[in-house]
Structures are given as structure tokens and as C-alpha cells.
Number of protein chains: 2
Amino acid sequence: MAPSSVGIKDVAAEAGVSVATVSRVLNSHPSVSPASRARVLAAVEALGYRPNAVARSLRTDQTRTLGLVISDVLNPYFTELARSVEEAARALGYSVIIGNADERPELQDHHVRTLLDRRIDGLLVSPTDGGSPLMLDAARAGTTPMVFVDRWIPGLDVPVVRSDGRAAVRDLVAHLHGLGHRRLAIIAGPAATTTGSERVDAFRDALHEHGIALPDAYIGQGDFQAASGRRATERFLALPEPPDVVFAADNLMALGALDAIRAQGLRVPQDIGLAAFDDIPWFVHTDPPVTAIAQPTGDLGRAAVRALVDRIEGRSPRSVTLPARLVVRRSCGEPDPGTAGTESPSSERSNR
Amino acid sequence: MAPSSVGIKDVAAEAGVSVATVSRVLNSHPSVSPASRARVLAAVEALGYRPNAVARSLRTDQTRTLGLVISDVLNPYFTELARSVEEAARALGYSVIIGNADERPELQDHHVRTLLDRRIDGLLVSPTDGGSPLMLDAARAGTTPMVFVDRWIPGLDVPVVRSDGRAAVRDLVAHLHGLGHRRLAIIAGPAATTTGSERVDAFRDALHEHGIALPDAYIGQGDFQAASGRRATERFLALPEPPDVVFAADNLMALGALDAIRAQGLRVPQDIGLAAFDDIPWFVHTDPPVTAIAQPTGDLGRAAVRALVDRIEGRSPRSVTLPARLVVRRSCGEPDPGTAGTESPSSERSNR
DNA sequence: CTGAAAGCGCTTACAG
DNA sequence: CTGAAAGCGCTTACAG
């Protein structure tokens, strides 16, 4: 039954010691006699006592809690990131509170504010925009240790844990070029986000290496969510010269692109090719399987937690950049037989 | 710069009033003179003061926070549920802390315990098992208001918000029967979970109405995660008489089933049909599009929050059961032309 | 090894 | 309308 209204005083009374002694036992302070310890433990057990974390936090000024503000929970990439963050944090004795920004700066700020008010020990953020005043203030004040993950805000003294997709994008463009595609379009994320602008830049640069230009009409402005991918793709398809291939800067916009393509009764890759940034399990089973750039999501989450906890505990972590890699499937046309990068489903999901 | 170490005392000093007055202004207590209010507000602004939520919670004995323990974050169904829960909670002035059980009872208990220690105002749970001692204790003690969502634990005085899939399962079986399928198999969730057992029962009952039996060999034991769906399907395929159609009791096991089917080089629906409980955006684009039973996920989340907040505020909510519905696509064979239940992508995702 | 006491940052009767 | 003071449930020097 153990009514949770039991306090440390009740335990002290039951054990016949002072609350100080109870507290010491609970915090495994060395100087407690074995006898007292046993009595306290017995009382704790008997009463079903659980320390009030709120009171403890107020007193110790630490919550053993990390905040994680992600851009979009409906995005499997962030969901996987959140999972690995929670796991790594738990291993170090921290809880994590997740805030979902839904790609909306105001919602992001709402969560950051709430998290800060709760006095979390550290904050992991994947910023939805170029830096709201609140975010800039928080980062510059430095009161709460911060680390950026996936996306970041330039010019701030905050470690960044992310993956670099430049090489993979270059591989992708080489792959597309090899298949004979020349009209290549991209659905970009918001220019204010680092991943939004970087992926376009990397794409443009890679095209340039092949002597291909990236006309404005081939840059669709998306917001990393499905609906924007659909709209951008509709616009591409309405062009006098539609692209041969569309590269979606994240998996949700690729989903939207598939919606748009399907709505027009077109086929992938015969009528138009599709590739995506971020690889997810479903891409193996879409019609056709989608060629994608895979990030080492689990590693990113773990590295981010490590960096943040380093900061919290007074060490000075450095930024971490991990490589992404191209996974070729069939959505841009048949690759030459024997091309590397294809995979079996078992190898692909072995770590789930 | 507003160092966050500013406390209410600093504000009081700056405004030339007592901390009591500052507190009253912050909590919009009526009896404060306009002059004092203005001075306090100015001081708050000048110092960038933010109340310490930990201290406030300790004092008021409420955290304005809801806990949500879901079975698996990697499951898009729960992710969508979590999103709607957070949204509904936020509208009522509550934050929500999500705990991911990963379908593991110990992990579920870990999160429940942590949440209770943090003195959340209410707890929403989708139990991973039939009821751990901790969960039973918490529910019976009633110290923290609780509501079950999706799954529940029988015999407890805790409101349940869920969707009833019986009718939809019957529709599914009728659909399969109409297509000429007679050997129907199911990949079940853990028998200890309500959704695990209910879906098998509904399936068995529906088969019975058509004079079809459900042999043990056609019941694959899964755990709602992808790998188990793969294993169960491999076993089905190795049978002397493999089933015509496999019904996966959730979307992740359907993903696993697709993996297994693809690994054997078989085609859906020609070689074997597939249907799933839970509909997700990707099912429109898999090869082939997957026939699924859709739950009103957003409504469930909202209803769950409403019920929980009712409990917290002293009202007595009743349980809520919403219907699920069958969405026919092509993964079990071509439906007769003109059959209802098919849909366009736009109508389908109009609420995202 | 142990206990009395102060104090973490707030809120809220209570008295004026 | 306002302030002094108590107290939420803990932890932790301090003194013994």
C-alpha cells in the first residue's frame, strides 16, 4: 500500500534515528554505523519510502536530468536519436526530458524555457532555426551547459555533435551522374538551419564538379516536413522540364515527394528518380526501395550525451563530426551490377 | 546577460518590495497595487528573472507535469500518440515527460519509478506487461492519478482510453475471405498485454464466423517489435502449408514480416498476403501498399489527457473506447473494383 | 558515528 | 495592499 506521502521524517521515526542519518544512508555516505544503516534500510522498506526528487533537487541544485529539444518527433531520424540519447543518459544516471519543436521556433523556445525553468543539468538542442533570442541568450549566458546535436547555431561557443554529409552527397551525385541523370533537383530544408543550407550547398558543389548547374527552379523550399515535400515535388512536376531526379533533404520530405509522384500516377524511377537524406527502415520496403544517405544516428546520440555530461562535470568536450554514407537502392534507376552500397535487410537492422 | 542565478529576492530588492509581493505579481494574485505590480514587472524584465520551477513545485506540491510511459518510441503509432498527448497537455498548461519502455517491463518500471519520484501530477501508461508489482502498487495506492492508454491492466480502478479493433478485424477477415484466402495466420503481440491478446481473440472469433480455424502453427508469437515479426514470418514460410495471408498485430512486426518475405525473394500479395494493425504514412508507399487497421490516434491522445486532467482536478472521468477502421490497400490481393476503404494520400494525411 | 540546525527558492496564511 | 514568517522535504557543514 505504501502511501507515497511518507517523508524522510517518517523513516527517521520508524528507524529511531535522525533524518540526517536517514539521508546519509540514502546517499551512501560512509560514516554511518552498520546497525543504523540496517535499521534505516528496514524502515525504508517497511514504509515503501521514496525520496522526493523535487526537494532533493532544490537542495542540491542538480536535477540529474538532461533536456533534449528535437526538431520533430514524427521524424524517425529524431526518434532514433532520442532513443539513443535516453539510453546513453540513463547509463550515466541521468533522465532525459524530450521537447518536440515540430519545426516551429516558438514551440522550440517554449520547450527550452520550460526546461530551463525546471533547472535541468544540461541541454541538448537541434535548433529549428538560426537562433532565437532566447536560444542565443541561453547559450551565451552559459548558466546551463549546452550541446548542439545534428543542427547548430554558428558563432556560439557551444560544442556541436553532428554528421557531415558532404562526401555522401558527392557519392550520391556521382551515382546519379553515372546513371545518366543530368537534371537534378533538391528539396531543401529551411535555409536558417545548418542542415538545411549545408545539404543544398553540398549538392550544388557536387553538381558543379560534374559541370552541372543547379537552377533556382530545381531548388524546392521545404521545411523538413512531409507536406512541404509534396508541394515542392508538385511544383517540379509542373515544370516545362521536370527534373530527372529529386533529392529530398530529409526522409519526411521524401515521403511527401512519393505522395506527389503517386498522385500524378508516375512511377519511380522510370518517370522520375528519388533520393533522400536520412535512412530509415521503411526505405527498404517502399516502392521502389529508396536510395538514401545514412547517418550514424546511434553514435551521434551517444557522443552528444558524452559531450554534454563532460560539460556538466566541468570538462571541456570538443565538437564531434561523424561521416554519413550513401546507401544505394533502386529509386534512381538500376545501379550497375556489382555496385557496392546495396545491402541485406538483416545486416541493415542488426543493431535495432 | 541575465545570469539565471537571479532569485526572487533579487527581484524584490530591485523593485523595492517584499518577496511576497513579487510572488503575488508572478502568480497574478489580485491584491497588488498597480504601482507595485509595475515595479515588479520592470524588475523581472530588467534582471531576466525566471522563477525556479523546482522550488515552486516543492512548495505547491504540484509540478504541472504529466508522465507518459509508452511501449516503444520507435513505433510510429506511439510517437504520434505522444505528440498528441503533449499538444493536448500543453493546451491545458501541463508539460509531459515521456518514458520509453522499449517493450521491456523493467525499463517501464524504471520510468514509472523515476516519474513518481519527480512527483508528476499524473501518469499516462501503456503497460508493456500484465502488471508489474510496481505498477499494481502505484495504481492501487492511487497517490498519483493514473490513466491507461492503448493497453491496460485488467482489474484495476484506472480509467482506460483505447480503441476497439474488433469490428475492424472482422472487416479485415471478411475482406480476406472475400479474396478467397482461407489459410490465415497472425503474428501476435505478448499475451500479457491487452492489445496482444485481444487482437488474436478478435481474429480467431472472426475466422470462426467464417468456419475457419486458427491452428497454433498459424499463431506467431511476437513482441510488437520488428525482429519478432521477421522471425515469426520465417517460421510461417517454412511450414509445409504456409498461410495465404499474415496479419501482423502492429506495424513494426509488419515491417519485420516484409523483411522476411523479401529475404526469401517472395512477392506480396502474389506469394503471400500481408495486413497490419496500426496504419502509418509509409504503408501507402510500401511495395505493395499495406492493408491496415487505423486507430484514431490523435483522438486517443487527447481523450487520455482529458481523462487524466479530470482525475487530477478531482473529477471522475470514465473510460473511453474509440473505434478503429479497416483501410484496404493492395497487400492481400486486388480488392473488387468499387470496394470502399481505399483512399487518396491527401485525404489520408490531411491532419498532419 | 550522530543529531540539531540552517537553508535551497519559492508560496501563502496571518496580521496589520 | 503589504510584509514577516513559516514551511514544502530534503542535504550538509558544524559541533559533539
Side-chain angles (χ1 to χ4, degrees), chain A residues 2-41 43-44 47-65 114 116-121 143-144, chain B residues 2-41 43-44 47-65 114 116-121 143-144:
Chain A
S4 191
S5 44
V6 204
I8 196 172
K9 281 190 276 201
D10 303 295
V11 177
E14 171 84 9
V17 297
S18 72
V19 297
T21 298
V22 175
S23 177
R24 288 193 188 97
V25 171
L26 262 25
N27 295 290
S28 29
H29 184 103
S31 56
V32 180
S33 74
S36 299
R37 177 178 310 278
R39 301 237 299 290
V40 168
L41 260 18
V44 165
L47 300 176
Y49 170 70
R50 293 248 89 209
N52 181 326
V54 174
R56 177 178 289 181
S57 290
L58 178 60
R59 182 54 230 240
T60 62
D61 199 34
Q62 56 167 3
T63 51
R64 298 298 292 181
T65 301
T114 305
L116 260 23
D117 286 352
R118 283 170 183 280
R119 301 303 193 261
I120 49 162
D121 293 343
T143 315
T144 302
Chain B
S4 190
S5 43
V6 204
I8 196 173
K9 281 190 276 200
D10 303 295
V11 177
E14 172 84 8
V17 298
S18 72
V19 297
T21 297
V22 175
S23 178
R24 288 193 188 97
V25 172
L26 262 25
N27 296 289
S28 29
H29 185 103
S31 56
V32 180
S33 75
S36 299
R37 178 180 310 279
R39 301 237 301 290
V40 169
L41 258 18
V44 164
L47 301 176
Y49 170 71
R50 293 249 88 209
N52 181 327
V54 175
R56 176 177 289 182
S57 291
L58 178 60
R59 182 52 231 241
T60 61
D61 199 35
Q62 58 167 4
T63 51
R64 298 298 292 180
T65 301
T114 305
L116 260 23
D117 287 352
R118 281 170 183 279
R119 302 303 192 260
I120 49 163
D121 294 342
T143 315
T144 302

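Only this structure's heavy atoms are used, side chains among them; waters, hydrogens and symmetry mates stay out.
Remark: P of C/dG9 and NZ of B/Lys9 are 7 Å apart, rounded to the nearest angstrom. If you measure from atom CG of B/Asp117 to atom C1' of D/dG9, you get 13 Å, rounded to the nearest angstrom. Counting to the nearest Å, the C1' atom of D/dC10 and the CG atom of A/Asp10 are 13 Å from each other. Atom CG of B/Asn52 is separated from atom P of D/dC10 by 17 Å (rounded to the nearest Å). Rounded to an integer number of Å, the gap from A/Ile8 CD1 to D/dG7 C1' is 16 Å. Distance, B/Arg64 CZ to C/dT11 P: 14 Å, rounded to whole Å. Rounded to an integer number of Å, the gap from CZ of A/Arg37 to C1' of C/dC1 is 11 Å. Whole-Å rounding puts the A/Gln62 CD to D/dT11 C1' distance at 11 Å.
Using modelled atom types, no side-chain atom of A/Asp117 and backbone atom of B/Ala53 make a donor-acceptor pair closer than 3.5 Å.
A search for side-chain hydrogen bond (donor to acceptor under 3.5 Å, both in side chains) contacts involving A/Thr60 returns nothing, not counting sequence neighbours. Applying the side-chain hydrogen bond (donor to acceptor under 3.5 Å, both in side chains) rule to B/Thr144 yields no partners; only residues at least two apart in sequence or on another chain are considered. Residues passing the side-chain hydrogen bond (donor to acceptor under 3.5 Å, both in side chains) test with A/Ser31, sequence neighbours excluded: A/His29.
Of the candidates D/dG3, C/dG3, C/dG9, C/dG9 carries the atom nearest the B/Leu58 side chain, counting heavy atoms from C-beta on.
Considering every non-hydrogen atom in both B/Val17 and B/Arg39, the closest pair reads CG1-NH2, 4.2 Å.
Of the P atoms belonging to C/dA13 and C/dG9, the separation is 23 Å, rounded to the nearest Å. Taking the C1' atom of each, C/dT12 and C/dG16 are spaced 16 Å apart, rounded to whole Å.
Distances shorter than 4.0 Å separate none of the side-chain N or O atoms of A/Tyr49 from OP1 or OP2 on D/dG9. The phosphate of C/dC1 has neither OP1 nor OP2 within less than 4.0 Å of any side-chain N or O from A/Ser36. When the side-chain nitrogen and oxygen atoms of A/Ser18 are compared with OP1 and OP2 of C/dG3, one or more of them lie within a distance under 4.0 Å. Contact annotation: A/Ser57 does not reach the phosphate of C/dC8 (side-chain N/O to OP1 or OP2, under 4.0 Å).
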Pairs under 3.5 Å (N/O, protein and nucleotides 12-16 of chain D):
{"unit_1": "D/dA13", "atom_1": "N6", "unit_2": "A/Arg24", "atom_2": "NH2", "d": "3.2"}

For a quick test of your reading: what N or O donor-acceptor pairs under 3.5 Å do the side chains of residues 6-15 of chain B make, sequence neighbours left out?
{"unit_1": "B/Asp10", "atom_1": "OD2", "unit_2": "B/Gly7", "atom_2": "N", "d": "2.6"}

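Summarising the geometry, atom CZ belonging to B/Arg56 is positioned 9.5 Å from atom CD belonging to B/Gln62; distances are rounded to the nearest 0.5 Å. In this structure, CG in A/Leu26 is found 11.5 Å from OG1 in A/Thr21, a value given to the nearest 0.5 Å.
At a cut-off of 3.5 Å, with distance as the only test, no side-chain donor of B/Arg118 or A/Ser57 sits close to an acceptor on the other residue.
Residues B/Asp61 and B/Ala35 each lie close to DNA chain D; by heavy-atom proximity, the contact nearer the 5' end of the strand is made by B/Ala35.
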Once pairs are restricted to Watson-Crick or G-U wobble with both distances under 3.5 Å, how does DNA chain D read as a dot-bracket string, [ ] for crossings and | for other-strand pairs?
|||.||||||||.|||
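Annotation for B/Asn27: atom CG counts as buried by contact number, over 12 foreign heavy atoms lying within 6.0 Å.
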